[in-house]
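In what follows, a structure is listed as structure tokens, so that the remarks can point back to it.
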Amino acid sequence: MKDIYETMLQKAKEISKNSYSPYSNFPVGACVLYESGKKYLGCNVENASFGLSLCAERNAISNAISAGEKTKIEAIAIYSPKQKMCMPCGACRQWLSEFADNENIEIILEGKNEKPYALKLKDIFPYGFKFDE
Ligand code: THU
């Protein structure tokens, strides 16, 4: 496990404290690492109209794009104080795939015993939608 993944999980943990999740009471934080070496953070933001809630992962990616990031995503760490191994939802997997190079993105989760656990996007999201090149 790369040292940077520990750092990313720690950052995801910190940003999860900013979560606005009064409806689910399920805070989530994400730290996305790009090939540029830059990291961007996001937390989930809920709404009284439940379906409008935004996930932490998509907020982190939106922050990267808004900041002008142009490289591909290398890895994303996801953390919730409510659940170990907080997997990205289907919508977030599709978002990650949009910015993937060969779907090789690593998903870093807090595993059992607080140790980071890494999965590949291609293993949890095969055959995502893409336009023909
Ligand atoms: N949530 C995320 O932020 N990321 C995920 O991948 C799964 C779910 C949020 C959405 C909602 O605010 C709360 O967790 C409960 O579903």
Side-chain angles (χ1 to χ4, degrees):
M1 181 62 54
K2 297 183 194 165
D3 281 351
I4 194 164
Y5 291 167
E6 299 261 12
T7 309
M8 287 170 67
L9 212 44
Q10 194 54 39
K11 286 187 182 292
K13 190 173 188 169
E14 277 160 31
I15 200 77
S16 75
K17 292 180 188 148
N18 293 348
S19 162
Y20 176 74
S21 44
Y23 304 106
S24 72
N25 215 359
F26 192 92
V28 184
C31 172
V32 61
L33 172 71
Y34 280 74
E35 285 173 357
S36 62
K38 290 190 188 148
K39 299 183 204 74
Y40 303 87
L41 307 178
C43 61
N44 56 333
V45 182
E46 297 187 345
N47 192 272
S49 177
F50 298 162
L52 299 182
S53 298
L54 282 174
C55 289
E57 299 92 317
R58 279 177 283 155
N59 273 332
I61 295 169
S62 297
N63 279 337
I65 296 300
S66 303
E69 183 58 60
K70 303 285 186 237
T71 68
K72 299 286 184 190
I73 295 176
E74 239 180 48
I76 185 165
I78 308 163
Y79 173 88
S80 173
K82 290 293 177 77
Q83 186 167 303
K84 305 253 180 210
M85 294 200 59
C86 180
M87 300 289 289
C89 78
C92 290
R93 293 177 200 198
Q94 175 70 29
W95 263 57
L96 286 164
S97 144
E98 179 80 20
F99 304 105
D101 206 1
N102 306 319
E103 313 294 311
N104 249 340
I105 291 175
E106 290 207 275
I107 318 282
I108 317 303
L109 308 171
E110 189 193 33
K112 316 283 168 194
N113 321 320
E114 318 268 306
K115 287 259 179 267
Y117 186 89
L119 294 162
K120 292 268 190 203
L121 180 64
K122 62 183 170 202
D123 293 329
I124 61 165
F125 193 64
Y127 308 111
F129 175 76
K130 272 193 178 149
F131 288 113
D132 284 344
E133 293 183 19

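Counting convention: from 1, in listed order, for ligands and their atoms alike. Bear in mind the structure is a predicted one, so any value in this text is a computation, not a measurement.
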Ring pair (Phe, Tyr, Trp, His ring centres under 6.0 Å) between Y127 and F125, worked out: CA-CA 7 Å; Y127 308 111; F125 193 64; 9.8 Å; no
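Checking side-chain atoms of S97 against main-chain N and O of R93 turns up no donor-acceptor pair under 3.5 Å. Judged purely by atom type and a 3.5 angstrom limit, K38 has no side-chain atom pairing as donor or acceptor with the backbone of A64.
Taking the six-membered ring for Trp and the full ring otherwise, Y34 and Y40 have centroids separated by under 6.0 Å.
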Report all N/O contacts between ligand 1 and the protein shorter than 3.5 Å as a table of atom names and distances to 0.1 Å; if there are none, say 'none'.
| unit_1 | atom_1 | unit_2 | atom_2 | d |
| --- | --- | --- | --- | --- |
| ligand 1 | 3 (O) | A56 | N | 2.9 |
| ligand 1 | 4 (N) | E57 | OE1 | 2.8 |
| ligand 1 | 4 (N) | E57 | OE2 | 3.4 |
| ligand 1 | 6 (O) | E57 | OE1 | 3.4 |
| ligand 1 | 6 (O) | E57 | OE2 | 2.6 |
| ligand 1 | 6 (O) | C89 | N | 2.9 |
| ligand 1 | 12 (O) | N44 | ND2 | 2.9 |
| ligand 1 | 12 (O) | E46 | OE2 | 2.5 |

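Take K82 and apply the side-chain hydrogen bond (donor to acceptor under 3.5 Å, both in side chains) test, not counting sequence neighbours, and it matches no residue.
Using a 4.5 Å heavy-atom threshold, the side chains of M85 and E110 count as separate.
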